[in-house]
Amino acid sequence: MAQRKENIVIFPFMAQGHIIPFLALAIQIQQRKKYTITFVNTPLNIKKLSSSLPPNSSIRLVEIPFCSSDHGLPPDTENTDAIPYHLVIRLLEASTSLRPSFKKLIQDITEEQNGQRPLCIIADIFFGWTASVAKELNVFHAIFSGASGYGLGCYYSLWMNLPHRKFNSNEFSLPDFPEASSIHITQLATNILEADGADAWSIYQKENLSGWLKSDGILFNTLEELDDIGLLYFRRKLGRPAWPIGPVLLPMESRARVGKGGISPDRRCIEWLSAKPVNSVLFVSFGSMNTISASQMMNLAMGLEASGKNFIWVVRPPIGFDINSEFRAKEWLPEGFEERIKDSRRGFLVYNWAPQVEILSHKSLSAFLTHCGWNSVLEALSHGVPMIGWPMAAEQFFNVKFLEEKVGVCVEIARGKSCEVRYEDVVAKIELVMNETQVGKDMRRKACQVMEMIKTAMTEEEGGKGSSVKAMDDFFSAAMSTREKRESRGKKIGA
Ligand code: UDP
């Protein structure tokens with residue numbers, strides 16, 4: 001008789017930057033062929049996802065009900081890509097209302113499987129509350145962090161301690177994470193900077209991050225060899241395993257179907273890229289939900305033009321305008337910019353959403369000017385691409401710090417969405433990284449070393465398995481043995 005497959009329940013927060021790595025994780029687990037996967041989200045996200053799954057995928061997409069207007073959000077708000085940043089906290093708060101439906105879903109799955117509970121629940125870093133649901137239902141639970149160990153360590157420590165509120169200085173260290181070296185006040189995202197313990201973000205995070213203590217461990221989209229400082233922090237802090245299983249990246253064929261708002265990315269930039277010399281193009285993009293200020297945009301454009309380098313730039317309306325509205329190049333870019341870069345074929349503007357991994361893996365690409373969201377970082381490093389960092393939010397500031405200070409594959413160009421950016425500095429940083437300078441050469445060499453490190457960590461060969469593959473094995477063994485222990489305890493109690 002064929003052995004029944006164990007069920008894994010996967011539940012990301014409703015944001016592209018979260019759904020994408022969770023989908024990648026689901027696809028990776030599916031390749032192990034031993035598990036069935038239930039991918040849970042709200043109806044609109046599930047609808048979008050159904051076209052992103054690989055053909056013949058057995059991943060089961062399951063909706064749980066959500067009505068955004070019940071929570072003071074615009075109708076049909078089910079993803080951060082549909083709202084301005086200040087409403088993200090409201091979406092987070094609203095997401096805790098999913099608890100009863102999520103619990104019922106796990107109970108229904110158990111019933112469908114004749115009493116066999118799912119092997120584990122893998123939930124988002126923002127869904128700490130799911131750990132107590134798992135506890136109530138006696139199901140193994142793990143958080144999956146799409147963020148780096150180092151970045152998330154700084155982020156966790158900041159929210160739990162709010163150290164910037166305690167010291168009268170612009171620079172301070174993290175009380176429980178001294179390995180991270182000092183943090184500057186300008187590296188704090190606005191919500192952390194303004195946090196005083198009583199605001200909506202502080203309240204949400206305190207509850208959410210404390211919820212992690214009920215989880216059985218954390219899966220990280222990172223690798224041990226690169227990110228040991230952050231992983232050790234969590235092992236020490238939570239007293240739980242931290243399994244570095246990354247990079248978990250979406251296969252190319254699924255990526256083509258995952259665009260912002262379900263729109264497929266514009267692939268004309270690939271043709272443009274293919275006509276450029278090897279290692280000659282800078283890719284500029286700030287992730288799935290960020291944009292820069294109007295004055296920053298103007299200076300970045302001037303800097304790109306003055307650098308004389310080839311570039312692809314994913315442009316979005318600047319801060320203060322609807323991010324999903326049409327891009328008004330005449331208003332937001334220097335006069336004649338668009339025509340000049342088009343005529344000279346020096347630059348290519350992508351409106352809204354680009355095929356990022358295809359660009360990063362292209363032989364014509366040289367460097368990546370990025371906000372250093374961790375998915376973008378992993379995608380760059382998997383292809384040996386050095387970075388110019390411009391962090392905007394959350395733990396991105398610490399990713400840049402880590403990549404610059406500890407790994408040597410990044411230089412910071414600007415910090416945040418309101419700092420002054422001078423076009424001369426943009427030119428200088430681009431030249432530093434893309435020209436044959438010592439810094440540029442070192443960065444390229446190190447980025448290639450990390451690319452090799454990643455390949456080794458992901459090796460699947462029996463007998464020579466890489467660290468990330470082993471960590472994934474360890475995670476499943478832990479889930480299995482915990483279940484066996486709990487079941488035998490249950491039997492003893494029942495006997
Ligand atoms: N992305 C993309 N095209 C774009 C912008 C982003 O494919 O034009 C993808 C990118 O490859 C990455 C994700 O969206 O997988 C962004 O995640 P990241 O963690 O870098 O940043 P976030 O969007 O969460 O700030």
Side-chain angles (χ1 to χ4, degrees), residues 12-25 27 48-49 52 79-83 85 88 91-92 124-126 144-148 151-152 155 189 191 220-222 246-270 273 283-292 311-317 323-324 327 348-362 365 368-383 385 387 389-400 402-403 410 416-417:
F13 174 57
M14 302 95 92
Q16 284 316 88
H18 291 235
I19 290 176
I20 292 175
F22 271 80
L23 182 61
L25 176 67
I27 293 172
K48 270 192 259 168
L49 271 168
S52 325
N79 195 302
T80 54
D81 70 8
I83 43 174
Y85 185 73
V88 171
L91 184 63
L92 274 167
D124 200 276
I125 57 166
F126 283 144
F144 174 51
S145 166
S148 65
L152 195 69
Y155 184 82
N191 59 353
F220 274 97
N221 193 5
T222 193
V248 176
L249 298 174
L250 210 51
M252 209 62 111
E253 66 275 15
S254 302
R255 295 194 65 88
R257 291 184 288 258
V258 185
K260 200 177 174 197
I263 305 157
S264 293
D266 182 351
R267 295 197 70 266
R268 280 173 307 168
C269 60
I270 302 295
L273 196 52
F283 176 45
V284 185
S285 175
F286 302 116
S288 62
M289 53 192 166
N290 281 294
T291 185
I292 51 182
F311 63 89
I312 295 179
W313 181 10
V314 184
V315 285
R316 308 227 171 95
I323 197 167
N324 295 316
F327 189 81
F348 192 101
L349 298 183
V350 176
Y351 298 97
N352 207 355
W353 196 258
Q356 180 161 308
V357 175
E358 258 183 281
I359 294 174
L360 290 171
S361 61
H362 201 285
L365 199 79
F368 183 18
L369 198 168
T370 165
H371 71 315
C372 287
W374 194 241
N375 294 303
S376 295
V377 169
L378 289 175
E379 289 160 7
L381 290 177
S382 298
H383 297 99
V385 177
M387 284 160 275
W390 183 340
M392 308 251 158
E395 88 308 349
Q396 293 150 17
F397 299 90
F398 318 122
N399 291 342
V400 173
F402 172 65
L403 296 168
C410 180
K417 300 177 209 169

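Positions are given from 1 along the sequence. Whatever order the structure lists them in is the order used to number ligands and atoms, beginning at 1.
- Of all atoms in ligand 1, listed by their number and element, those nearer than 4.0 Å to a heavy atom of W374 are 19 (O).
- If you look at H371 next to ligand 1, the close heavy atoms, those under 4.0 Å, all belong to the side chain.
- Put simply, the side chain of S382 gets close to the backbone of L378: a donor and an acceptor are under 3.5 Å apart.
- A donor and an acceptor atom, one from each side chain of E395 and S148, are nowhere located under 3.5 Å apart.
- The ligand atoms of ligand 1 that sit less than 4.0 angstrom from a heavy atom of G287 are 5 (C), 6 (C), 23 (O).
- Applying the 4.0 Å criterion to heavy atoms of S288 picks out, from ligand 1, the atoms 22 (P), 23 (O).
- At a 3.5 angstrom cut-off on N or O pairs, S285 does not count as close to ligand 1.
- Using cut-offs of 30° and 60° for the angle between ring planes, the F283 and F368 rings count as parallel.
- Annotation: cation-pi pair K417/F286 absent, no NZ/CZ under 6.0 Å from the ring centroid and within 45° of its normal.
- Between the side chains of H371 and N290, no donor-acceptor pair of N or O atoms lies under 3.5 Å.
- Between F22 and F144, the gap from one ring centroid to the other is short of 6.0 Å.
- For ligand 1 and G17, the ligand atoms under 4.0 Å from any heavy atom of the residue are 24 (O).
- Among the atoms of R316, none of the N or O lies under 3.5 angstrom from an N or O of ligand 1.
- Compare S376, A354, A394 by their heavy atoms: the one nearest to atom 4 (C) of ligand 1 is in A354.
- Here E379 has side-chain heavy atoms under 4.0 Å from ligand 1, and that is the only part of it that gets that close.
- Scored by the side-chain contact (heavy atoms from CB on, under 4.5 Å) test, P391 finds Q396, F397, V400, E412, R415 as partners (sequence neighbours excluded).
- At a heavy-atom cutoff of 4.0 Å, ligand 1 is contacted by the side chain of Q396 but not by its backbone.
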